[in-house]
2 protein chains.
Amino acid sequence: MASDNKMNLVILGLLDHEDLTGYDIKKRIDGSLRYFWKGSFGSIYPALSSLEESGLIRNVKSKSSESGREKIVYKITAAGRKNLLAWLSESKSSNSLKYETLLKLYFGGVADNEVSIATVTEFEKEVESDLAVLRTYKDNLSTVLDERDHVFFYLTVTFGIETYEAYLRWCADAKKILSGKKIVRNKR
Amino acid sequence: MASDNKMNLVILGLLDHEDLTGYDIKKRIDGSLRYFWKGSFGSIYPALSSLEESGLIRNVKSKSSESGREKIVYKITAAGRKNLLAWLSESKSSNSLKYETLLKLYFGGVADNEVSIATVTEFEKEVESDLAVLRTYKDNLSTVLDERDHVFFYLTVTFGIETYEAYLRWCADAKKILSGKKIVRNKR
DNA sequence: TGATTAATGTATCAAAATGATATATGGAGA
DNA sequence: TCTCCATATATCATTTTGATACATTAATCA
């Protein structure tokens, strides 16, 4: 059941279609998951231990047989797959968003408008570079969308593109307002 | 300097334009901040203690003088205001997004498509009701946008509206794809 | 009036996550 | 050979979460 630990579910999900080490898991999180999830070694390794203890995954220590160093590769078990499916079917999902950018903007009244403009501009730059990456993901995906698995990746990519484009529209608007170039008023 | 504690900054920001109790702060976080920030009592009360100890805020115990119960009202100090301004001017902002909805979708290949459609639909409903609230915020704001402070609130509201509308467009698209009504393929 | 429920208010706790750091090996290039 | 970087596991202090405990005041309503 694994109480509240989200990292457990990330690990089960990832292990469901390939065997991975803790380090590999971190790379996946910082790679394709990074647009909607994050996590650090400090929660990965404890989660691996606890998952193994409850039999949801098992490890296959790759002996330093001949080449490469010793590492611990994990596999999902039948019990683990069952757990994963149960979680996917749960109706409640908690989406936790914490935008420090927006927080600064909300309190922006204390400072000069230039400060807030700089905050927005920094955000805008980050979004622009992320968006570029997402667009190349999408282009590469479109050619292999026959495989069912790719559809799910495609959906998370289009989510990112759709929302990042919305961010950029807002950034442009916000900068206009903050620099006094746009008078905000009700049309009515 | 307050190391890494974000709650400290939320508290300083809120106290900057009104005196509040810990309970009030929770209400603000769950109210106007809730679209881009969150926090619980478990971090509010410890933060209040540490902020007071470092002289960035001070408390005015409202004696149960005659009416109402005893409560601890906090005020920001000059040092606290200086700290707040320093944070606002920092160039790095960390926006931490964790969408359990997207995580489930990413791993959706294990389950039937109906499971993923349900996940999207649940998300869609939540977004729709939040969006309705944000729109009434915007309508009410438009009439008082002459005051500088309101502009900053307005910006966080339009951010929410812009992104929530993007979410809804994506939801419609995702449901089509998952129910097989739309063939995803590259135009080229 | 009395009784019950809801809102206010402060506080703590176990569990989880963060962000940083420690430690060590293997491979690539200069 | 030396240096640098990617790989790999692990831990730690600090923060955050989500829940719960506890007590008081206000509101509802029978």
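None of the values given here were measured: they were computed from a predicted structure.
- If you take NZ of B:Lys71 and P of C:dA11, they are 14 Å apart, rounded to a whole angstrom.
- The distance from atom CH2 of A:Trp37 to atom P of C:dA16 is 14 Å, rounded to the nearest whole Å.
- Atom CD in B:Glu100 sits about 15 Å away from atom P in D:dT17, given to the nearest Å.
- In this view, B:Lys98 satisfies the salt bridge (Lys or Arg N to Asp or Glu O under 4.0 Å) rule with no residue, not counting sequence neighbours.
- Side-chain nitrogen and oxygen atoms of A:Tyr45 include at least one within less than 4.0 Å of the OP1 or OP2 phosphate oxygen of D:dT9.
- To the nearest angstrom, C1' of D:dT9 lies 13 Å from CG of A:Asn59.
- The side-chain contact (heavy atoms from CB on, under 4.5 Å) check on A:Ile44 picks up A:Met7, A:Ile25, A:Lys26, A:Ile29, A:Phe41, A:Leu48, with sequence neighbours excluded.
- Panel note: side chain B:Thr156, backbone A:Tyr106; no donor-acceptor pair is recorded below 3.5 Å.
- The nearest whole Å value for the distance from the NZ atom in A:Lys6 to the P atom in C:dA17 is 8 Å.
- Between the side chain of A:Lys104 and the backbone N or O of A:Val115, no donor-acceptor pair lies under 3.5 Å.
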> Could you walk me through whether B:Lys75 and B:Leu15 pass the side-chain contact (heavy atoms from CB on, under 4.5 Å) check?
Replying inline: CA-CA 6 Å; B:Lys75 281 178 188 294; B:Leu15 289 187; over 6 Å; no

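- Take B:Phe107 and apply the ring-ring contact (aromatic ring centres under 6.0 Å, His included) test, not counting sequence neighbours, and it matches no residue.
- Without hydrogens or angle criteria, B:Asn95 side chain to A:Glu100 main chain gives a donor-acceptor distance under 3.5 Å.
- With hydrophobic clusters built from ILVMFWY side chains whose heavy atoms lie under 4.5 angstrom apart, B:Leu20 does not share a cluster with B:Val73.
- A distance-only check finds a donor-acceptor pair linking the side chain of A:Asn113 to the backbone of A:Leu178 [under 3.5 Å].
- Within the helix from C:dT1-D:dA30 to C:dA30-D:dT1, the inter-axis angle between the opening and closing five-pair segments is 30°, rounded to 10°.
- Between the side chains of A:Asp24 and A:Thr21, at least one donor N or O lies within less than 3.5 Å of an accepting N or O.
- Across residues 19-30 of chain B, not one residue has a non-hydrogen atom less than 4.0 Å from an atom of DNA chain D.
- Between B:Asn5 and D:dT14 there is no side-chain N or O to OP1 or OP2 distance below 4.0 Å.
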When you compare the protein's N or O atoms with those of nucleotides 18-24 of chain C, which come within less than 3.5 Å of each other, and at what distance?
| residue | atom | partner | partner atom | Å |
| --- | --- | --- | --- | --- |
| C:dT18 | OP1 | B:Lys98 | NZ | 3.1 |
| C:dG19 | OP2 | A:Lys38 | NZ | 3.1 |

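- We find that CD of B:Glu52 is positioned 12 Å from P of C:dT10, with the value rounded to whole Å.
- Counting only N and O atoms by type, the side chains of B:Tyr137 and B:Tyr35 include no donor and acceptor under 3.5 Å apart.
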